[in-house]
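Numbering of ligands and ligand atoms starts at 1, following listing order.
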Amino acid sequence: MNKLRAAITGIHAFAPDYLLTNEELATMVDTTDEWILTRTGIKTRHILKGEGKGTSDMGAEAVKGLLQKTNTSPNEIDLVTCATVTPDMQFPATANIIADKAGIKNAFHFDMNAACSGQIYALTTASMYIESGKYKKVIVVGADKMSSIVDYTDRATCVIFGDAAGAMLLEPTTEDVGIIDSIHQSDGSGRIHLHHKAGGSLKPASRETVDAREHYIYQEGQAVFKFAVSKMVDVSVEMMKKHNIEPEDLAWLVPHQANLRIIEATARRMGINREQVMINIERYGNTTSATIPLCLWEWENQLKKGDKVILAAFGGGFTWGSIYMKWAYDGKKE
Ligand code: UT7
C-alpha cells in the first residue's frame, strides 16, 4: 500500500467587506497610489470593521463555509489549528474560539505563531497528525486582523497589511496526491528587524507603552525585504531540486503575498512564468497567515488533480519554508 499522506480536500476563505484603497490611505499619511503600487503591488486591502469583531470571526466564517462546501459535519472534525499573529486574546487560543463559533465539539485546537509563515508551518504540523493515521479530518485556519496591530500614522507599514482568513480541510489519502514534502527554517536573531514591541511578558502593556505607540508592528522594511527575497528563493529552488521538478512541470507557485517584487524575484529564480504564479496581492495586501489560503481559494477552479504545487513563505521570526504537494481534486467544490 502507498504511504498515507495528507491531502487538502477543500478550501474556503473570507475577506471582510470594507475596502481600504490607496487613495484613502493617501488622506491618512504622506503617500501616493503610485508609490504604493510600484513599491508593493498593492491597490486595496480588506479591513474588518465593527466593535467586538476579532480574528476568530473571520476564521469562523471561513470554517463554516468550508464545512458546508465539503459536506462535512462539525462533529467529524478531529483537530483545528489556527495560524495567527493577531489572536483574539493572549489566551485562550483563537483556534478554540473559532471551533466554538463554528460548532465544532469533538476536536482539540491550538494556535501556531510563525508570523507570515504560520500557514505553512500549521499545514505541515497538521499533515503529520493525518500521516500518523490517528486523525481523519483536520482543519488548518490562517487568519489575521492585521488592522488591529497596524499603526495608521506609519506610512511604511500601514500601506502593506490587510485582514482576511482562510481554512483548509486535510484528509488522509493513499493516492499519489497530497503533501509530499516540506522544508522549514527559522532564525530568531531576525526578530530585531520585525516584531511587536510591547504587550508580551517582556514588556507588558502600560500607559508608557501605549504613549510610545509600541503596540503596533515594528518593521525595518529594507532589511526584511533582503532576507525575504533570498530565503523564499533558496527554499523554493531547493524544493524543486530535491524533487527534480523542472520549471515547466510546476503547475503553480503559491507564494506568501508580502510584496510583488519579492514574488517576482522568487518566480524569476525558479525559472517559471508569471502565469504559473498565484498573485492577488493587489486586492488583499499582506494578510499574513491568510495569503496562501486566499490564493488557493481564488484559484480553486483552475486547480486540477495531480497538479504539482509549491507553497512558499517568509515572515517574522525570521521564519520561512516551502511545501510541495500534488493537488487532490479537480475544480471548485461548490
Ligand atoms: O510579510 C513578511 C515580511 N515582510 C516583508 O516581506 C516586507 C518586506 N519589505 C518590503 O516589502 C519593503 O521594504 C517595504 C514595502 C516595506 C518598503 O519599500 P522599500 O522600497 O524598501 O522602501 P524603503 O523603506 O527603502 O523607503 C524608501 C523611501 C523612504 O524615503 P527616503 O528616506 O528615501 O526619503 C521612505 O521614507 O520611501 C519612503 N516611504 C514611503 N514613501 C511614500 C516609505 N513608505 C512610504 C509610503 N509612501 N507609504
Side-chain angles (χ1 to χ4, degrees), residues 20-45 83-86 112-122 142-147 149-164 166 184-196 216-236 254-267 279-282 284-295 311-322:
L20 177 58
T21 61
N22 290 351
E23 288 73 21
E24 186 177 351
L25 280 165
T27 68
M28 298 156 66
V29 290
D30 181 14
T31 192
T32 59
D33 174 51
E34 203 236 332
W35 190 95
I36 303 172
L37 207 50
T38 51
R39 305 310 291 170
T40 70
I42 302 167
K43 287 185 188 157
T44 58
R45 53 303 279 141
T84 187
V85 292
T86 52
M112 178 77 54
N113 181 342
C116 295
S117 308
Q119 180 69 18
I120 61 169
Y121 277 45
D144 270 302
K145 183 184 170 186
M146 295 307 289
S147 60
I149 57 167
V150 163
D151 182 351
Y152 285 100
T153 66
D154 174 13
R155 68 177 182 172
T157 51
C158 75
V159 300
I160 303 170
F161 294 99
D163 303 336
H184 294 294
Q185 287 177 301
S186 308
D187 178 358
S189 68
R191 70 189 181 281
I192 58 169
H193 303 297
L194 180 52
H195 57 265
H196 193 171
Y216 298 116
I217 299 159
Y218 171 83
Q219 175 168 262
E220 292 162 13
Q222 275 192 18
V224 178
F225 187 91
K226 256 187 257 158
F227 278 100
V229 170
S230 82
K231 298 303 182 189
M232 282 244 309
V233 164
D234 288 353
V235 84
S236 307
V254 192
H256 168 55
Q257 315 275 310
N259 186 315
L260 184 59
R261 290 181 289 141
I262 299 174
I263 296 170
E264 285 173 346
T266 307
I279 304 175
N280 58 14
I281 188 170
E282 71 277 10
Y284 296 103
N286 181 349
T287 56
T288 302
S289 310
T291 59
I292 287 177
L294 266 176
C295 281
L311 317 181
F314 177 88
F318 291 140
T319 56
W320 65 96
S322 68

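With hydrogens and angles ignored, the 3.5 Å screen pairs a side-chain donor or acceptor of Asp163 with a backbone N or O of Ser147. Distance alone, capped at 3.5 Å, is enough to place a donor-acceptor pair between the Gln119 side chain and the Gly142 backbone. Of the possible donor and acceptor atoms, one in the side chain of Arg45 sits under 3.5 Å from a partner among the backbone N and O of Val159. Asp144 places a side-chain N or O within 3.5 Å of a backbone atom of Ser289 that can act as its donor or acceptor partner. Ser322 places a side-chain N or O within donor-acceptor distance of the main-chain N or O of Val235, the cut-off being under 3.5 Å. A donor-acceptor pair is defined here as one N or O able to donate and one able to accept, closer than 3.5 Å; such a pair exists between the side chain of Thr319 and the backbone of Gly316. Side chain of Asn22 to backbone of Ile42: a donor-acceptor contact under 3.5 angstrom is found.
The shortest N or O to N or O distance between Gly221 and ligand 1 is under 3.5 Å. The distance criterion of under 3.5 Å between nitrogen or oxygen atoms is not met by Thr32 with respect to ligand 1. Considering backbone and side-chain atoms together, His256 places an N or O closer than 3.5 Å to an N or O of ligand 1.
Considering only non-hydrogen protein atoms, atom 20 (O) of ligand 1 sits nearest to Arg39 NH2, 2.7 Å. With hydrogens left out, the protein atom closest to atom 1 (O) of ligand 1 is Asn286 ND2, 2.7 Å, a heavy atom. Looking at atom 35 (C) of ligand 1, its nearest protein heavy atom turns out to be Arg155 NH2, 3.8 Å. Nearest protein neighbour of atom 47 (N) of ligand 1, counting heavy atoms only, is Thr31 OG1, 2.7 Å. Protein heavy atom in closest approach to atom 4 (N) of ligand 1: Gln219 OE1, 3.1 Å. What sits closest to atom 26 (O) of ligand 1 on the protein, heavy atoms only, is Trp35 CZ2, 4.5 Å. Ranking protein heavy atoms by distance to atom 19 (P) of ligand 1, first place goes to Arg261 NH2, 3.8 Å. When only non-hydrogen protein atoms are considered, atom 21 (O) of ligand 1 lies nearest to Gln222 CG, 3.6 Å.
Distance check for atom 9 (N) of ligand 1: a protein heavy atom is found below 4.0 Å. Counting protein heavy atoms under 4.0 angstrom from atom 28 (C) of ligand 1 gives zero.
Taking 4.5 Å as the limit, every side-chain heavy atom of Leu294 sits out of range of all side-chain heavy atoms of Gln257.
The shortest separation from a heavy atom of Ile36 to ligand 1 is not under 4.0 Å, leaving the residue out of contact.
Between atom CG of residue Leu20 and atom CG of residue Leu25 there is a gap of 4.0 Å, rounded to the nearest 0.5 Å.
Residue Val29 does not touch ligand 1, judged by heavy-atom distances below 4.0 Å.
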